[in-house]
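All remarks here apply to the structure that follows.
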Amino acid sequence: MGPIGPIPIPRAGERATGTFTFAGDPGLEKYDWPYIALAGQVAGPTVLITAGIHAAEYTGIEAAIRLGRTIRPDSVRGTVVIIPVLNRPGFYERSIYVNPEDGDNLNRLFPGKADGSWGERFAHRLLTEIVTRCDHAIDRHAGDLVEDLVPFVIYRETGDPTRDAVIVRMANAYGAAWAVKSAPTGERPGSLYAVATLAGVAAILAESGGRGLLIEEDVERHVRGVTNILKTLGVLSGRVDAKAPTIVKSFDWVRSPVAGMFHCRVRVGQSVKARDLIGDVTDLVGEPIAAITAPVSGVVLFTVTSPAIKKDGLLLAIGAL
Ligand SMILES: [Zn+2]
């Protein structure tokens with residue numbers, strides 16, 4: 001098999017590691033991206049495993065590296081390409097949410113633009129040169145440096161029953177308790193998994209861990225979940241015994257009407273009822289300035305862990321039930 005865009009693929013039965021860049025673009029060429037490529041001895045699908053599009057979501061990054069080092073290439077059917085850190089500008093800067101080159105959230109910029117900002121050009125080249133050359137894609141996330149979450153997967157259906165069935169099988173194999181079915185528009189357009197799906201790649205996003213902590217259980221959940229997906233796709237052999245997730249009806253993000261100190265009164269995984277008091281905001285001398293109530297009944301999927309909140313700042317999200 002020839003290279004996948006800028007990523008060289010080794011001979012059948014071998015593993016290759018190294019770095020690549022996006023040639024011809026001086027802004028992008030300042031960085032190199034790590035990759036691990038595994039070429040099977042038997043033909044099969046090409047699977048892309050990515051992490052670190054949010055640079056401080058370390059459990060996904062660690063799990064990607066671990067999978068790359070532990071999967072034996074001679075046990076693979078097809079090809080597995082792993083990019084452990086997509087947001088290279090943000091990694092050593094410990095950037096929260098955004099890419100320091102332009103201050104944008106890279107997971108809102110797809111499909112990107114050939115002549116756009118740094119992030120738009122990165123999104124365009126990643127999508128056209130690498131992602132769309134793959135049959136399947138799994139993008140790993142966690143709660144960011146200032147977020148905690150309960151594990152969940154996100155995917156969107158396309159209306160193509162064959163592709164949708166594959167996407168649902170991938171999402172079910174991951175083994176999370178919760179799933180969000182999301183449209184590529186609304187508050188969070190431009191996500192890698194959603195745009196990849198629309199471009200013909202069976203893609204999902206998986207969340208495990210958070211707060212900048214490499215908690216082994218959270219890393220291992222990502223490793224196990226992706227291993228199960230690879231088994232489901234026939235890339236690895238073995239049985240999958242994952243329970244299908246509960247699909248929430250909507251994914252409601254709660255923002256603060258004011259700037260201040262946020263006191264969160266719920267925990268991730270907790271059930272809440274619509275209009276329950278779930279937190280409050282005080283000013284910086286302690287005066288109460290906002291009561292935060294649940295917009296819907298459901299399960300708390302993530303919360304921020306930092307109390308420092310700007311006006312309209314994100315507080316938490318509820319998966320409606
Ligand atoms: Zn993320």
Side-chain angles (χ1 to χ4, degrees), residues 33 48-65 67 82-110 112 119 122-123 126-127 131 137-156 171 174 176 178-184 186-197 203-215 218-219 221-223 225-226 245 248 251-255 268 300-306 313-319:
W33 280 264
L48 176 65
I49 298 170
T50 54
I53 199 164
H54 297 135
E57 297 179 356
Y58 302 120
T59 52
I61 295 169
E62 177 75 4
I65 294 168
L67 282 158
I82 299 170
I83 309 175
V85 186
L86 289 176
N87 185 347
R88 269 291 283 109
F91 183 72
Y92 293 115
E93 299 304 319
R94 301 173 177 156
S95 298
I96 302 171
Y97 303 139
V98 301
N99 144 45
E101 281 283 335
D102 49 25
D104 281 331
N105 183 336
L106 287 176
N107 208 30
R108 304 287 180 270
L109 297 181
F110 290 88
F122 168 75
L126 181 73
L127 187 70
V131 178
I138 308 157
D139 192 28
R140 260 93 63 80
H141 289 247
D144 215 315
L145 207 57
V146 292
E147 290 175 347
D148 196 11
L149 58 74
V150 66
F152 59 100
V153 291
I154 312 182
Y155 63 96
R156 91 176 290 277
Y174 181 83
W178 305 102
V180 173
K181 268 164 66 167
S182 167
E187 187 179 15
R188 298 168 295 276
S191 291
L192 173 57
Y193 78 92
V195 174
T197 295
I204 73 161
L205 182 159
E207 301 265 11
S208 172
R211 296 175 290 155
L213 300 175
L214 273 186
I215 292 174
D218 297 329
V219 176
R221 185 181 300 104
H222 264 323
V223 169
V226 173
V248 299
F251 188 31
D252 288 76
W253 288 26
V254 179
R255 292 179 176 276
V268 294
V300 178
L301 291 180
F302 72 76
T303 70
V304 294
T305 55
S306 163
L314 189 56
L315 300 176
L316 54 84
I318 298 172

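Numbering of ligands and ligand atoms starts at 1, following listing order. Here the structure is a predicted model, which is why all the values come from computation and not from measurement. Side chains are part of it too, since the values below use all heavy atoms of this structure and drop only hydrogens, waters and symmetry mates.
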Listing residue and atom name, which protein N/O/S atoms are closer to the Zn ion (ligand 1) than 2.8 Å?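 Hits for the Zn ion (ligand 1) below 2.8 Å: His54 ND1, Glu57 OE1, Glu57 OE2, His141 ND1.
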
In chain order, what residues pass the side-chain contact (heavy atoms from CB on, under 4.5 Å) check against Ala63, with sequence neighbours excluded? Arg140, Val219, His222, Val223

Compare all side-chain heavy atoms of [X] with those of [Y] and state whether any distance is below 4.5 angstrom.
{"X": "Val195", "Y": "Leu127", "value": "yes"}
{"X": "Phe122", "Y": "Asn99", "value": "no"}
{"X": "Asn87", "Y": "Pro100", "value": "yes"}

Phe91 and Trp33: aromatic ring centres closer than 6.0 Å? no

Would you say the ring centroid of Trp178 lies under 6.0 angstrom from that of Phe251?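 Not close enough - the centres of the two rings lie 6.0 Å or further apart.
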
